[in-house]
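It should be emphasised that the depicted structure is a prediction, and the values quoted were computed from it without experimental measurement. Residue numbers begin at 1 in each chain, while the letters A, B, ... track the order of the sequences.
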Number of protein chains: 4
Amino acid sequence: MSSSPSSRGRPRDPRSHEAIVDAATELVTEVGYAATSIGAVAARAGVGKDTVYRRWRGKPELVFEAVFTTTDHAPTPDTGTLAGDLTALLRGLIDEFHAPAAAAALPGLLADFAADPVLKARIRSDFLAPSKERLQIVFERAAERGEIATETPVDLVLDTLAGAVFFHIGLVGEHPDPQLAGRLAAVIAKGIEIR
Amino acid sequence: MSSSPSSRGRPRDPRSHEAIVDAATELVTEVGYAATSIGAVAARAGVGKDTVYRRWRGKPELVFEAVFTTTDHAPTPDTGTLAGDLTALLRGLIDEFHAPAAAAALPGLLADFAADPVLKARIRSDFLAPSKERLQIVFERAAERGEIATETPVDLVLDTLAGAVFFHIGLVGEHPDPQLAGRLAAVIAKGIEIR
Amino acid sequence: MSSSPSSRGRPRDPRSHEAIVDAATELVTEVGYAATSIGAVAARAGVGKDTVYRRWRGKPELVFEAVFTTTDHAPTPDTGTLAGDLTALLRGLIDEFHAPAAAAALPGLLADFAADPVLKARIRSDFLAPSKERLQIVFERAAERGEIATETPVDLVLDTLAGAVFFHIGLVGEHPDPQLAGRLAAVIAKGIEIR
Amino acid sequence: MSSSPSSRGRPRDPRSHEAIVDAATELVTEVGYAATSIGAVAARAGVGKDTVYRRWRGKPELVFEAVFTTTDHAPTPDTGTLAGDLTALLRGLIDEFHAPAAAAALPGLLADFAADPVLKARIRSDFLAPSKERLQIVFERAAERGEIATETPVDLVLDTLAGAVFFHIGLVGEHPDPQLAGRLAAVIAKGIEIR
DNA sequence: TTCTAAACGAGACGGTACGTCTAGTCTTCTT
DNA sequence: AAGAAGACTAGACGTACCGTCTCGTTTAGAA
C-alpha cells in the first residue's frame, strides 16, 4: 500500500518511530487527547513534524497505535464455562481500556474515528478485532458444550460488552469496579444461554 | 441555572436563543460536530459571538442542548413484561440517538464531555437522567411482578444499554437494525431475571 | 445643537456629567488613552453607557472635555517684552499639556481628532483657541511697541510653539526641561522680531 | 533586530515581506491608520496573520516600516546659508510627511508609539534619526561660517521643526503651503543666529 | 568514489477557530 | 424623558494548530 518498498534513499530511522510513539503516549496521558497536537508530539520526540506525517496520516492513527498495540497477545481464556470465559475476556478488555493513556485517549479517539468515513470503517476491524477473535472462539466452545445456540450473534454481544466498558472507563469513573467484569459477564452469559 | 434571574437591564431575546439552537442543529447535521464552530453557528443564526457565549460556556454545552432536549417527555412504557418494557425503552433511546443531528454529534460530544471534569460529572446526571428515571420505574414494576431482584443495579444495566446503542449508532452503522432493540432487550431481560 | 432644550421629561442629572468627566480623567491617567473605553468610564462613574453617549459623541470629545477644560482662564501675560510674554505663554501651555491626564491623552487624542474630518476641523478652533487668543493680544502689543511687524502670522507661530511642546511633552520625555519655555520663546521671539 | 539570523529551517519568503508592506501602505492610504487591521493587511497581501506577526510585533512597527523607510537617502543640503539649508531640510521633511500614506498614518502612528514605553524610546532614535543627522551637519557648517553658536541645541530645533510640520501636515491641512518651508526656516534661522 | 534520492530537523507558509474585548445601538424597568 | 442595566450585532485582537512547503544536512544504496 505504501508508495514503494524501494530501498533507494535514506531509510527511515526506527528510533524516530519509537520516540514519536513514546512522546504521544506521554502527552495523551499528561494533557489529554484533545490537547495533544502533532506539533507538540514532534517537539517532545525531538523530531520534525514531517517525520510524523510521513508515518501516520494524522493524530487518530498515531494515538491509536501508541495506545492500543500492546495487548493483542493475551491467550484466549478457557475456564470451562461461558460465564468464566466472558469474565476473563472482560477483565482483559477492562485492563486494556483502563491503562492511563488508553483511558485518556479513548473518547476522543473514538470521536475522531467516527467522524472520518475511512477510519470509521476500521473501528470494528482494527479496534475490536483482537477481542472479537477471542470472543468467537469462546462462543464456539460454549456452543459445543451446548450452553448457547450456534447462531449467537458475536457482534451484538461484543458491542454490548465494549459499550458497557467504554461507558464505565471512558466516560464515567476512574475506578473500574473490580467486580464489574464478573457482574457484567454473568448478566450477558445468562442472557444468551439456552433455556 | 444562569448567573442571575435579575430583571434589571434588557432581557435576553428568546428569538436569539432559538436561532442559535437551530443553527447549531443544522450545522452539526451538515458538517459534523468537529467542523461546527461557535463562530459559524453565530453567523448562521445572525447573531454576535458574544450572544452565544453569554448563554453557553462552549460548544459542548450548546450542542448538547441543541441536540438532546426534545425527547424527555416520552411516557414510561408499561407492557406488562420486563422484556417488553426494555424493548420500548431501547426503541426510544435508539430513536433519540439516531436522529440525524444526534447521531452526528454523539461521539464528539461524549469526547468533549469526558475531557472536561466539570462536564464529565454531568454525563450520567444530565445525559442519561431521563432514561434512568424511566428504567428505574420499569425495574420497580418488574420487581413487584417478581421478575427481577429488588437490588438489580440500574446504572450497570443503563450503561450497558447505552453503550451498546452508542456503539451501534455512533460508531458503527448508519442503519440501526430495526430488531436491535428487541434482541438486546431480550438478552438483558433474560440476563437479569430471577432464575 | 442638542435636539431640543425642551423641559419635557426628566432633566439630565448634573452629577452624572461630573462623575463621567472625573472617571474619564482618572482612567486616562491610570491606563492611558487607548485603553480607556466608554464602557469602562461609564462603569467607573456608576452610569449607563447611554448616559455618556447622550452627552458626548464619542471618546475623543469626552476626553477632550475631561482633560482640557480647566486652564482657559489664565490671564494674558504682559511683561513688557515679546520674549517675556512668549515665555509666560509657553509656560502656561507646558503646564496645561504636562498635567498627568493631559500628557497621557494628548497623542491619542490628536490622532482621533485628526482621523475624523468633523473633529479635524475643530483642532485649531477648539484645541488651540484659548492660546491663540492670548497670542494674538501679545502680538498686538508687541507690534505697538515696534518689536514685530503687524502682519506676523499668528497661526504659523502658534503651530510651531504647540508642535514643539507636543513633541517634548507627548512624545519624548516625561520631564519638561524647566528652561524649555524660555529657550524656545527666545528663539521664536528673535526669529520674528523686526531686524 | 528580528528574533534570530538563524539559517535553520525554511527561510522567510521575501515576497511575503514585500506583499505585506505594500498592502499596509495601500490600506493606510485608503481607510486610514485606525481602520487598518493586521487581519485586513494579511488578507490583502494573501498571507496568513502569523506571517505578519512573525516579522513585526504589531501594527505600529509594521506601518512605520511601510510608510517611513524610503527617504533616508536624500543628500544633506549645502546652499551656503543656514536659512537656505534649513529650507531644503524642511522641504524634505514636508515631502516625506506629505506622502499620502505618511500623512494618513502620522498622527495615529505617533500616538501608538507614544503609548508604548518600548516604542516611545525609539521615536527620536528611529523616527527623527535621519533628519537629525543632516541637521547636525548643517549646524556644523553654519557654526564654521560663524552664523550660529557651536552649542546650538539640535534637538530643540529639530523638535520645533518636526512639531510645526506635524501640526501642519498631520493635523491641520491637506494643503502644505508651498511657502511654509521657507517661512519657517527664516524664523528659526534668524532666531538662532548670532546677533 | 561519486551520484542520486529519500529522510531528517527546523521552521515558514496560508488558513481557520479560539475566547475576549470594544463600539455604538436597543430594550427593558425605574425614577 | 432620563437613567442604570445589560443584551444586541459586528468585527478586531493576538494565539494556537492544522497539514504542506521549503531550506540545508545527513545517510544510505546504486552507478
Side-chain angles (χ1 to χ4, degrees), chain A residues 3-4 6-13 15-16 34-40 42-43 45-55 57-59, chain B residues 3-4 6-13 15-16 34-40 42-43 45-55 57-59, chain C residues 3-4 6-13 15-16 34-40 42-43 45-55 57-59, chain D residues 3-4 6-13 15-16 34-40 42-43 45-55 57-59:
Chain A
S3 47
S4 70
S6 164
S7 63
R8 302 260 290 166
R10 175 176 174 177
R12 293 186 184 167
D13 190 335
R15 289 172 307 176
S16 295
T36 297
S37 68
I38 297 282
V47 140
K49 282 202 289 176
D50 270 10
T51 301
V52 178
Y53 282 109
R54 210 173 282 126
R55 291 157 213 264
R57 286 176 38 80
K59 184 165 73 161
Chain B
S3 47
S4 71
S6 166
S7 64
R8 307 267 282 172
R10 174 177 176 176
R12 295 189 184 163
D13 191 334
R15 288 171 308 178
S16 295
T36 297
S37 69
I38 298 280
V47 142
K49 282 200 289 177
D50 266 13
T51 301
V52 178
Y53 282 110
R54 207 174 284 124
R55 291 157 212 266
R57 285 177 36 80
K59 184 165 74 162
Chain C
S3 48
S4 71
S6 162
S7 63
R8 301 257 291 165
R10 175 175 171 177
R12 292 189 185 166
D13 190 335
R15 289 171 307 178
S16 294
T36 297
S37 68
I38 297 281
V47 141
K49 282 202 290 178
D50 272 10
T51 303
V52 178
Y53 281 110
R54 210 172 282 123
R55 291 156 211 263
R57 286 176 35 81
K59 183 165 75 163
Chain D
S3 47
S4 70
S6 165
S7 64
R8 307 265 280 174
R10 175 175 175 177
R12 295 187 183 164
D13 191 333
R15 288 172 308 178
S16 296
T36 297
S37 69
I38 298 280
V47 141
K49 282 201 289 175
D50 266 13
T51 301
V52 178
Y53 282 110
R54 209 174 283 125
R55 291 155 213 264
R57 287 176 35 80
K59 185 165 74 161

Among [options], which nucleotide has an atom closest to any side-chain atom of [X]?
X	options	result
B:Ser16	E:dT20, F:dC8, E:dC8	F:dC8
D:Arg12	E:dC13, F:dA7, F:dC13	E:dC13
B:Tyr53	E:dC13, E:dT20, E:dA23	E:dT20
D:Thr51	E:dC13, F:dA5, E:dC18	E:dC13
A:Ile38	F:dG19, E:dT22, F:dA12	F:dG19
D:Arg8	E:dA7, E:dC13, E:dG9	E:dG9

Would you say the side chain of [X] and the base of [N] hold a donor-acceptor pair, judged only by whether the two atoms sit under 3.5 Å apart?
X	N	result
D:Arg10	F:dC21	yes
A:Lys49	E:dG9	no
B:Asp50	E:dC21	yes

TODO: Please report the shortest heavy-atom distance between C:Gly58 and C:Ile38, naming the atom on each side.
DONE: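 Heavy atoms of C:Gly58 and C:Ile38 come nearest at C-CD1, 4.1 Å.
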- [ ] Classify the nucleic acid contact of B:Gly46 as base, sugar-phosphate or nothing, counting any heavy atom under 4.0 Å across all strands shown.
- [x]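 Here B:Gly46 touches the backbone only, sparing every base.
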Open item on the list: Within the 4.0 Å heavy-atom criterion, would you say B:Asp13 contacts the bases, only the backbone, or no part of the nucleic acid?
Closed with: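 The answer is sugar-phosphate, as B:Asp13 gets under 4.0 Å only of primed atoms, P, OP1 or OP2.
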Roughly how many Å is it from [atom1] in [X] to [atom2] in [N], rounded to a whole number?
X	N	atom1	atom2	value
B:Arg55	F:dG6	CZ	P	15 Å
A:Arg15	E:dA7	CZ	P	16 Å
D:Lys59	F:dG11	NZ	C1'	13 Å

TODO: Spell out, as yes or no, whether a donor-acceptor pair under 3.5 Å connects the side chain of A:Lys59 to the backbone of A:Ser37.
DONE: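 Checked: no pair found.
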Open item on the list: Taking 4.0 Å as the cut-off, does a side-chain nitrogen or oxygen of B:Ser37 come that near to OP1 or OP2 on E:dT16?
Closed with: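 No, outside the criterion.
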Open item on the list: Would you say that C:Arg55 contacts C:Ser16 through its side chain, given a criterion of any heavy-atom pair below 4.5 Å between the two side chains?
Closed with: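 Yes, side chains in contact.
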Task: Toward the 5' end of DNA chain F, by each residue's nearest nucleotide, A:Gly39 or C:Ala42 - done: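 Going by which nucleotide is closer to the 5' end, it is C:Ala42.
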